[in-house]
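The chains referred to below are lettered A, B, ... by the order of the sequence lines, with proteins before strands, and numbering in each begins at 1. Predicted, not measured: the structure shown is a model, and the values here were computed from it.
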There are 2 protein chains.
Amino acid sequence: MADTDHALQPPARLRELASWQANKVSTLGARLTAQRMPLSARADFAVLAALEEYGALSQAEIGRRLGLDRNDVSGILTRLEGGRQVDRQADPANRRRNVVTLTAAGQQHLEELQRHADAVQAELLAGLDAAERQQLQSLLAKLLDSHNPQPA
Amino acid sequence: MADTDHALQPPARLRELASWQANKVSTLGARLTAQRMPLSARADFAVLAALEEYGALSQAEIGRRLGLDRNDVSGILTRLEGGRQVDRQADPANRRRNVVTLTAAGQQHLEELQRHADAVQAELLAGLDAAERQQLQSLLAKLLDSHNPQPA
DNA sequence: GGCCAACGTTGGTTATCCCAACATAGCAGC
DNA sequence: GCTGCTATGTTGGGATAACCAACGTTGGCC
């Protein structure tokens with residue numbers, strides 16, 4: 001009912017804040033995601049996707065590409081390594097670093113997670129038409145690019 | 001340097017996900033906010049703003065308007081009540097409910113938090129021009145409106 | 001009066017983001 | 001070669017938000 005829809009509106013001071021709006025969209029995305037897979041799989045997906053696109057990476061570089069704290073990267077890789085989805089080895093050329101690579105099982109899991117991600121995206125953006133989706137994502141990308149990620 | 005800027009790009013599979021983009025924008029907003037005030041003040045701001053705009057509200061209604069879990073609302077109000085920024089009393093008409101009202105100190109704190117929020121917003125959106133900001137917020141609002149908040 | 005729903009509280013978990021400190025390794029400058 | 005600095009990864013932790021379950025009280029309906 002229109003009346004009840006209106007009654008539940010947040011205050012204008014919040015509606016005008018892009019950070020609040022983005023947070024709510026993010027929370028919606030998380031809620032839709034949780035219906036399909038454990039929430040921790042989002043971090044897994046990010047790491048697996050980076051390895052697929054860029055090939056072997058150091059942990060530090062994974063962190064820089066994904067905007068993640070390096071000890072969070074360490075924990076994510078421990079989990080993925082335990083599930084045989086990545087392999088990590090000390091870099092012989094520079095023993096401060098680990099080289100992380102995607103395994104075949106990891107690639108398969110990435111494809112499965114991508115299907116979930118696509119379903120979430122479709123449901124999340126269902127209220128926008130194709131041009132609006134394109135425009136929203138383009139503006140979000142522009143905003144993010146204007147704040148370059150800092151190395152961890 | 002352009003070369004290093006390009007090198008730090010996240011993978012395409014992430015860049016295409018609006019929920020990932022929204023999460024990153026939200027995290028940026030949090031980071032900028034943390035430079036100005038404790039992060040918990042964001043929740044305070046939301047509650048104070050709702051009370052200012054809609055007058056006395058029950059805890060349940062605060063939760064519905066802000067998309068918050070009702071035991072999180074309880075905790076936030078405990079903190080605000082302790083700081084004398086809100087007042088809460090059992091509703092004589094329906095003793096299942098508390099009626100929550102904004103105090104003068106709460107109104108003052110709201111104004112102070114609004115100044116911080118404005119500064120964060122300006123910095124967050126600095127990379128977009130006025131038309132782009134308007135458009136981004138309009139699209140985010142449309143997306144959010146298409147997913148009506150569920151009562152807690 | 002029994003049942004169901006609403007409201008608020010208490011007690012908790014999970015995930016993300018962030019900070020600090022430490023050990024090891026690599027490199028440049030002297 | 002020694003020193004100082006930076007890079008990398010790990011261990012250990014805290015803060016915040018979002019979420020879940022159970023309980024007690026209250027109100028309304030049949």
Side-chain angles (χ1 to χ4, degrees), chain A residues 19-20 22-35 37-47 57-81 86 88-100 149-152, chain B residues 4 19-20 22-35 37-47 57-64 66-81 86 88-100 149-152:
Chain A
S19 58
W20 179 82
N23 183 66
K24 286 304 177 189
V25 170
S26 176
T27 298
L28 259 176
R31 201 175 286 152
L32 295 175
T33 299
Q35 294 170 356
M37 62 195 194
L39 285 175
S40 58
R42 293 178 299 177
D44 298 349
F45 178 77
V47 169
L57 296 176
S58 69
Q59 295 183 207
E61 192 172 356
I62 291 172
R64 284 192 285 272
R65 286 190 181 281
L66 301 179
L68 294 174
D69 184 85
R70 59 174 186 268
N71 58 351
D72 298 334
V73 174
S74 182
I76 295 165
L77 288 176
T78 297
R79 180 170 67 235
L80 288 172
E81 191 181 28
V86 301
R88 65 177 161 177
Q89 311 242 356
D91 184 349
N94 184 339
R95 290 192 305 280
R96 283 179 297 186
R97 286 192 206 148
N98 291 328
V99 173
V100 188
Q150 304 298 335
Chain B
T4 57
S19 57
W20 179 83
N23 183 65
K24 287 303 178 189
V25 170
S26 176
T27 298
L28 260 177
R31 201 174 287 152
L32 295 175
T33 299
Q35 293 170 355
M37 62 195 195
L39 286 175
S40 58
R42 292 180 300 178
D44 297 350
F45 178 77
V47 169
L57 297 175
S58 69
Q59 294 183 206
E61 192 172 354
I62 291 173
R64 285 192 285 271
L66 301 179
L68 293 174
D69 183 87
R70 60 174 185 268
N71 57 353
D72 298 334
V73 174
S74 182
I76 296 164
L77 288 177
T78 297
R79 180 170 66 236
L80 288 172
E81 190 181 30
V86 301
R88 66 177 162 177
Q89 312 241 355
D91 184 349
N94 184 341
R95 289 194 305 278
R96 284 179 297 186
R97 287 190 204 151
N98 291 329
V99 171
V100 189
Q150 304 297 334

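With rounding to whole Å, A:Arg88 atom CZ is found 12 Å from D:dT8 atom C1'. As a whole-Å value, the separation of A:Gln35 CD from D:dA18 C1' is 14 Å. We find that CH2 of B:Trp20 is positioned 11 Å from P of C:dC17, with the value rounded to whole Å. Whole-Å rounding puts the A:Leu28 CG to D:dA18 P distance at 11 Å. One can place CG of B:Leu77 at 13 Å from C1' of C:dC7, the figure rounded to the nearest angstrom. Here C:dT9 presents its P atom at 12 Å from CD1 of B:Ile76, a figure rounded to the nearest Å. For the pair B:Ile62 CD1 and C:dT9 P, the computed distance is 11 Å after rounding to whole Å. Computed from coordinates, the A:Glu81 CD to D:dT10 C1' distance equals 13 Å when rounded to whole Å.
Scanning both residues, B:Val25 and A:Ala22, for their nearest heavy atoms gives CG1-CB, 3.6 Å. Here the shortest heavy-atom pairing between B:Arg79 and B:Ala43 reads NH2-CB, 4.1 Å. The nearest pair of heavy atoms linking A:Thr33 to A:Arg42 is CG2-CG, 3.9 Å. For the residue pair B:Ser26 and A:Asn23, the shortest heavy atom distance occurs at OG-OD1, 3.1 Å.
Of the N and O atoms on the side chains of B:Arg88 and B:Thr78, at least one donor lies less than 3.5 Å from an acceptor on the other residue.
Distance from the side chain of B:Arg95 is smallest to D:dG27 among D:dG27, C:dG8, C:dT16. Taking only side-chain atoms of A:Asn23, from C-beta outward, the nucleotide of C:dC18, C:dC17, D:dA18 with the closest atom is D:dA18. Looking at the side chain of A:Ser40, the nearest of the listed nucleotides C:dC18, D:dT10, C:dA15 is C:dA15.
Position along DNA chain D of the nearest nucleotide to A:Asn94 versus B:Asp91 favours A:Asn94 as the more 5'-ward residue. With the nearest nucleotide of DNA chain D identified for both A:Ser58 and B:Ala43, A:Ser58 has the one nearer the 5' end. Sequence order on DNA chain C of the closest nucleotides to A:Arg79 and A:Pro92 puts A:Arg79 first from the 5' end.
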Heteroatom pairs (N/O) under 3.5 angstrom, protein to nucleotides 3-7 of chain D:
residue, atom, partner, partner atom, Å
D:dA7, O4', A:Arg96, NH1, 3.2
D:dA7, N3, A:Arg96, NH1, 3.4

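Residues A:Leu80 and A:Val100 are not in side-chain contact: their nearest non-hydrogen atoms beyond the backbone lie 4.5 Å or more apart. Counting heavy atoms from C-beta outward, B:Ile76 and B:Ile62 have side chains that stay 4.5 Å or more apart.
One finds no side-chain N or O of B:Ser74 lying less than 4.0 angstrom from the OP1 or OP2 phosphate oxygen of C:dG8. Proximity of B:Arg42 to the phosphate of D:dA17: a side-chain N or O atom is located under 4.0 Å from OP1 or OP2. For B:Gln59 and C:dA6, the shortest distance from a side-chain N or O to OP1 or OP2 is not below 4.0 Å.
Heavy atoms of A:Asp72 sit under 4.0 angstrom from at least one base atom.
Donor-acceptor pairing under 3.5 Å, judged by distance alone, is absent between the side chain of B:Asn98 and the base of C:dC7.
Each of B:Val99, B:Asn98, B:Val47 was evaluated against B:Gln59; a single residue qualifies, B:Asn98, per the side chain to side chain contact (heavy atoms under 4.5 Å, CB included) test.
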